[in-house]
2 protein chains.
Amino acid sequence: MFRKVLIAEDIDSINLGIVTNLKKSFDFEIAHVKYCDDAILKVKKALLEALPYDLLITDLSFKPDHRNCNICSGDELAREVLKLHPPTKIIMYSIEDRPLKIKNFFNEPGIHGYVCKGRESAREINKAIETVYKNEYYLSQSLDYAIKGTPVMEIDDYDIRLINELANGLLQDEIAKNFKAEGVFPASLSSIEKRLNKLKIYFKAKNSTHLVAIVKDLGLI
Amino acid sequence: MFRKVLIAEDIDSINLGIVTNLKKSFDFEIAHVKYCDDAILKVKKALLEALPYDLLITDLSFKPDHRNCNICSGDELAREVLKLHPPTKIIMYSIEDRPLKIKNFFNEPGIHGYVCKGRESAREINKAIETVYKNEYYLSQSLDYAIKGTPVMEIDDYDIRLINELANGLLQDEIAKNFKAEGVFPASLSSIEKRLNKLKIYFKAKNSTHLVAIVKDLGLI
DNA sequence: TTTTTACTTACGGAAAACCGTAGTCAGCAA
DNA sequence: TTGCTGACTACGGTTTTCCGTAAGTAAAAA
């Protein structure tokens, strides 16, 4: 079984809940931190001692507070930990339930398990630990169906940037000029109009304002 | 001190964390539920036994799942509990940190304390319990400044409805027609244009799309 | 009672979004 | 090598938003 497990979670009552639950079911050594940067320090220290963490359980979002953070989110943390020690297994444990976002986390940074916070998630964390220990992937069952049913969506960074610029109040003409100045391609007003039209069809939006509202609700921007 | 405390929280690891923490610091009887409807049943049962809950600690949002729920959120739960047993103190414990929303909860349904989930919130829950026991109000310190700093905002239901209709993709002309048909006043296109202009000035939005984005970020719609 | 202020409504013009057509170019398939 | 497809770009027309002005009305202040 795993021997050294690191938990990164900012909410203290969740930290306490996870640790209490894991101690009932497993025998491994558990450490827990509230800041991603502290997690990185622990991982580095463990590597120096030749006793690396073989499992990381991390939340996705970490509230900013008075401390300046270099790493501020669970996906960034996972990316760094996998760089430092590629054999480490990563289980993400978050309230996030947007299928596309979660699916992408398996690709990049390359997590091994995802448990959606819920009424039975303590039991799911245990199953996730057992599953990723066997080198299999784990996904909360409440998400599994949703993710398999999600249509292939070819929304790329350009599209997100475009909608974001609209949401920030820029006119299409201004966006075109900015894209041209920055070397973002394509940059013509017409192309922007056509791309926005495609996005509206895809998201079933009636106009640009509606599109921005839908995309915000989906959490893509 | 309080004698019977009810905790309503859907995430099991948070439930476990809160209960574990409270047992370290207090001596009262603790019950916990994952569904608001179950909380109501417990409150009613306790009233029948003439041993009512004198404190409720509740989350704000409860994930919908396979069960059909009559009461689906912490504010609805608080409202019902205060109807059933007005002396019960209510502490809300949530990830929500939008100042206006939280401020409103003190007015309606009339909560007595609010703790924002965070790194030190276990300690804050304890302070909140002691504070509301003394018939004082408790507010997470991280919010206190933000709430006091919030300007008086003269946005009324009409404004919210208007922005919401835009966010739902309706044209200004369509909104005018709908308002006229429903007897919403004022309903002319010109008045809607002028009201939107005022809102844009108030929120410092460059256009209607920007306005919708800002208002969504603020959590007003 | 009179005057002032604020809001509603209508309207016209400018700006921006929306929409369709056409030409060009690059990449892919036959 | 040739033909086809998809994307980019330009442009013109229509629709919608934005903006300002003016008239009417109701409420508040003098």
Side-chain angles (χ1 to χ4, degrees), chain A residues 151-218 220-221, chain B residues 151-218 220-221:
Chain A
V152 176
M153 188 181 73
E154 291 158 32
I155 305 302
D156 56 22
D157 287 341
Y158 177 92
D159 297 318
I160 297 298
R161 170 74 193 273
L162 180 51
I163 300 173
N164 214 27
E165 299 287 4
L166 283 184
N168 287 336
L170 277 88
L171 305 175
Q172 291 178 16
D173 188 50
E174 289 171 332
I175 296 172
K177 281 168 180 159
N178 288 349
F179 279 11
K180 195 162 290 177
E182 291 173 37
V184 175
F185 183 86
S188 74
L189 178 55
S190 188
S191 188
I192 284 169
E193 286 176 21
K194 289 193 185 328
R195 185 68 67 100
L196 283 174
N197 193 52
K198 279 183 168 180
L199 288 165
K200 275 180 270 178
I201 292 170
Y202 181 86
F203 287 107
K204 298 181 176 59
K206 295 169 181 169
N207 53 45
S208 294
T209 303
H210 195 193
L211 176 66
V212 165
I214 290 169
V215 168
K216 271 207 174 280
D217 283 345
L218 289 171
L220 294 171
I221 60 168
Chain B
V152 176
M153 191 181 70
E154 294 157 31
I155 305 301
D156 57 19
D157 287 341
Y158 177 92
D159 297 318
I160 297 298
R161 169 73 192 273
L162 180 52
I163 300 173
N164 214 25
E165 299 286 6
L166 282 184
N168 287 335
L170 278 86
L171 305 175
Q172 291 179 17
D173 188 52
E174 289 170 333
I175 296 172
K177 282 169 180 159
N178 289 348
F179 279 11
K180 196 162 290 179
E182 290 173 38
V184 175
F185 182 86
S188 73
L189 176 57
S190 187
S191 187
I192 284 169
E193 287 176 18
K194 288 188 185 333
R195 186 67 69 99
L196 283 174
N197 192 53
K198 277 183 168 181
L199 289 165
K200 275 180 273 179
I201 292 169
Y202 181 85
F203 287 105
K204 297 181 176 59
K206 294 170 181 168
N207 53 45
S208 294
T209 303
H210 196 192
L211 176 65
V212 165
I214 289 169
V215 169
K216 271 206 175 280
D217 283 345
L218 289 171
L220 292 170
I221 60 167

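Residue numbers begin at 1 in each chain, while the letters A, B, ... track the order of the sequences. In this text the structure is predicted, and so the values were computed from the model without any measurement.
Using modelled atom types, one side-chain atom of Tyr158(B) and one backbone atom of Pro186(B) make a donor-acceptor pair closer than 3.5 Å.
In this entry the distance linking CD1 of Ile175(B) with P of dC18(D) reads 11 Å, nearest Å. Computed from coordinates, the Phe179(B) CZ to dT8(C) C1' distance equals 14 Å when rounded to whole Å. When rounded to the nearest whole Å, the span between NE2 of His210(B) and P of dT17(D) equals 18 Å. The separation between Gln172(A) atom CD and dA10(D) atom P is 15 Å, rounded to whole Å. The CD atom of Glu193(B) sits 12 Å away from the C1' atom of dT8(C) (whole-angstrom rounding). Rounded to an integer number of Å, the gap from CD of Glu165(A) to P of dA17(C) is 13 Å. Between Lys180(B) atom NZ and dT8(C) atom P the separation is 13 Å, expressed in whole Å. Atom P of nucleotide dA16(C) and atom CG of Leu196(A) are separated by 16 Å, given to the nearest angstrom.
Between Arg195(A) and dC8(D) there is a side-chain polar atom (N or O) within less than 4.0 angstrom of OP1 or OP2. Between Asn197(B) and dC19(D) there is a side-chain N or O to OP1 or OP2 distance below 4.0 Å.
Taking every heavy atom of both residues into account, Ala176(A) and Ala187(A) meet most closely at CB-O, 3.2 Å. Of all the heavy atoms in Ser208(A) and Gln172(A), the pair that sits closest is OG-NE2, 4.1 Å.
Candidate nucleotides dT21(C), dC18(D), dA22(D) were compared by shortest atom distance to the side chain of Ser208(B), and dC18(D) ranks first. Here the nucleotide nearest the side chain of Lys200(B), chosen from dC11(D), dC19(D), dA7(D), is dC19(D). Closest approach to the Lys194(A) side chain among dA17(C), dT9(C), dT21(C) is made by dT21(C) (side chain taken as heavy atoms from C-beta onward). If you check dT9(C), dC18(D), dC18(C) against the side chain of Asn207(B), the one that comes closest is dC18(D). Candidate nucleotides dG20(C), dT8(C), dT17(D) were compared by shortest atom distance to the side chain of Ser190(A), and dG20(C) ranks first.
Ion pairing of Glu174(A) with Lys206(B) is absent here, as no side-chain N (NZ or NE/NH1/NH2) approaches a carboxylate O to less than 4.0 Å.
Screening Asp156(B), Asp157(B), Ile175(B), Ile155(B) for a side chain to side chain contact (heavy atoms under 4.5 Å, CB included) with Leu162(B), the sole residue that qualifies is Ile175(B).
Place Leu171(A) and Phe185(B) on DNA chain C by their nearest nucleotides, and Phe185(B) ends up nearer the 5' end.
Among the atoms of the strands shown, only primed sugar atoms or phosphate atoms (P, OP1, OP2) are found under 4.0 Å from some heavy atom of Lys198(A).
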